[in-house]
Amino acid sequence: MAKSRARKTVVLGMLGTTLDNGQGPQRWTRWRPTVALCQQEDLLVHRLELLHPPNASALVATLVSDIRQVSPETEVRGTPLAIQNPWDLEETYGALLDYVRGYAFNPEAEDYLVHITTGTHIAQICMFLLVESRLIPGRLVQVSPDPRDRAGPGTHTLIDLDLSQYDTLAARFRQEQREGLAFLKSGIDTRNAAFNRLIERIEQVAVQSRAPLLITGPTGAGKSQLARRIYALKKARRGVAGPFVDLNCATLRGDGAMSALFGHVKGAFTGALSDRPGLLRQANGGVLFLDEIGELGADEQAMLLRALEDKRFLPVGADREVESDFQLIAGTNRDLQLEVERGRFREDLLARINLWTFRLPALRERPEDIAPNLLFELDQASEAVGTRVTMNKEAQAHFLGFATSQEARWSGNFRDLNAAVLRMATLADGGRITRDVVDEELERLREQWRPAGTQAGPGARDLVAELLGDSLAAELDRFDRVQLADVLSVCRTSRTLSDAGRVLFAQSRAQKKSINDADRLKKYLARFGLTWADVSGRGAQAGR
């Protein structure tokens, strides 16, 4: 039987023109990294690939001779690299990459080490990247002098960049990620699987990217709070250093809109008594959150697009452009693609800001998350009223039973939930919310969510009769009438057909049984001769 050949150790390293230098007998009193590498008792270097500048042939010859004395088994092969500026990253990496691509690696028979003690810092970084990317199939090796014996070989350390072997590091990374996810969710232990996946993706993108983010969703779904959390997370991870600047674009009106966003110079218009930097310049180096971006006018949209693409813009009345480098987070409850089709929003601006688009679901679409959010709101309310507020089990169960039912509209989403808990906390004697307090709040919510034009009480005209007429409504089975009434009530409190569909078919969406909620709702209404215009309020008189 043939005896297997022993594997050889091959080291690739850069010549240290300063650390490896030395002439005459005195050189043996100095610690020279490349020579020391070949003196390690428990590391036999069979071949040393010594990369060096073309004008260092004399120093290379000395090293070859000295290594032959301390390690006769080591073959030294010198290779000149024509790098004009060893501190130029692009040039250095390009030269090393060309060398590596042309090298005949044989991992089946040889183990490869990359020596990173010598060479410029740029060269060391390039060597690290080549190993980390597996273009060099090996590990890193570093030697260090012995402070008690500067002429001795010192010690060496092997560094494997296969992070999968470092369970502790991997565990710390996972813990950091979990902390980031919890932070984005305000510490709320959310249970909705789709929402948790959404937050995971937002955390990944927020940490790694400075591209614009577009957060969509109904009013009160938490877009502003999430934007602030994203900023805080980025700042904690050293992703941004500048401030968080936010603006609700719905508050911008008239000539002041351009000035608020882009600033103005003194005398630009009547009343401009001094320079104004504008919000874009204030956000330099940080994050600019523009909520309800769909409310921006055409001129502001054009200027914003230029600022995003070139990081430059012209303040009102100025003849010189200014610069600002910020990350944009945009929020909207509108369908911006529909706004583009209607000519109300620039298509090129939408293309620029929707690289990363995340839709926050309505509270009704996350019934399993109402319970943990209730506990969060109780903590918030406790701070607001200045005392610890709790709910007994009966009161909590009663509230959650209503909150997760079809009767609960949550048209204002988390704003409604926050207001409801705050009201109950304010009325809670001794900080204890009882069943009576809950009953009072639920009646208030029912009245708040009652469709406009309807009255409370048994004698009130219902939506079914209002839209179909008394005679047609009377022909419906009770089952169909109750179902239709609920559907019509949701439609009356929804902004679009798609929004209503998402609320009505939330469970189907979670189980991926519904492909087109809007079309499904449209077909259901058609069974009763109704259209979205009829039930949304714009054509409510049509059924009479």
K.L.:
In terms of heavy-atom contacts, does CD of E347 have more than 12 from other residues, nucleotides or ligands at under 6.0 Å?
P.N.:
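Open.
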K.L.:
According to side-chain hydrogen bond (donor to acceptor under 3.5 Å, both in side chains), does anything in residues 49-58 pair up with another residue at least two apart or in another chain? List the pairs.
P.N.:
R47-E49, E49-R77, E49-Y103
K.L.:
Thinking salt bridges, do K8 and E75 make one under a 4.0 Å N-O criterion?
P.N.:
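Looking at K8 and E75, the cut-off is not met.
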K.L.:
Can you name the salt bridge (Lys or Arg N to Asp or Glu O under 4.0 Å) partners of D111, sequence neighbours left out?
P.N.:
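Partners of D111 by the salt bridge (Lys or Arg N to Asp or Glu O under 4.0 Å) criterion, ordered by chain and then number, come out as R7.
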K.L.:
Is the shortest distance from a Lys or Arg side-chain nitrogen in K311 or D325 to a carboxylate oxygen in the other one below 4.0 Å?
P.N.:
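A salt bridge links K311 with D325.
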K.L.:
Can you classify the ring geometry of F244 versus Y231 as parallel (below 30°), tilted (30 to 60°) or perpendicular (above 60°)?
P.N.:
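Because their plane-to-plane angle lies in the 30° to 60° range, the rings of F244 and Y231 count as tilted.
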K.L.:
Please step through side chain to side chain donor-acceptor pair (under 3.5 Å) for the pair R201 and Q204, ending with a clear verdict.
P.N.:
CA-CA 5 Å; R201 183 63 69 211; Q204 183 180 10; 2.3 Å; yes
K.L.:
For A206, is there any backbone N or O sitting under 3.5 Å from a side-chain donor or acceptor partner on S209?
P.N.:
no
K.L.:
Does a side-chain N-to-carboxylate-O contact under 4.0 Å join D499 and R502?
P.N.:
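Yes, charged N to carboxylate O under 4.0 Å.
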K.L.:
With L15 as reference, evaluate L63, L51, T118 under the side-chain contact (heavy atoms from CB on, under 4.5 Å) test and give the passing residue.
P.N.:
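Only one option passes, and that is L63.
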K.L.:
Which pairs count as side-chain hydrogen bond (donor to acceptor under 3.5 Å, both in side chains) when at least one residue sits in residues 24-34, sequence neighbours excluded?
P.N.:
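Listed once each, the pairs are D20-T34, R27-D66, R32-D66.
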K.L.:
Taking all atoms of both residues into account, what is the closest heavy-atom pair of S498 and A518, and its distance?
P.N.:
OG-CB, 3.8 Å
K.L.:
Under a 4.0 Å N-O cut-off, is there an ion pair linking E200 with R197?
P.N.:
no
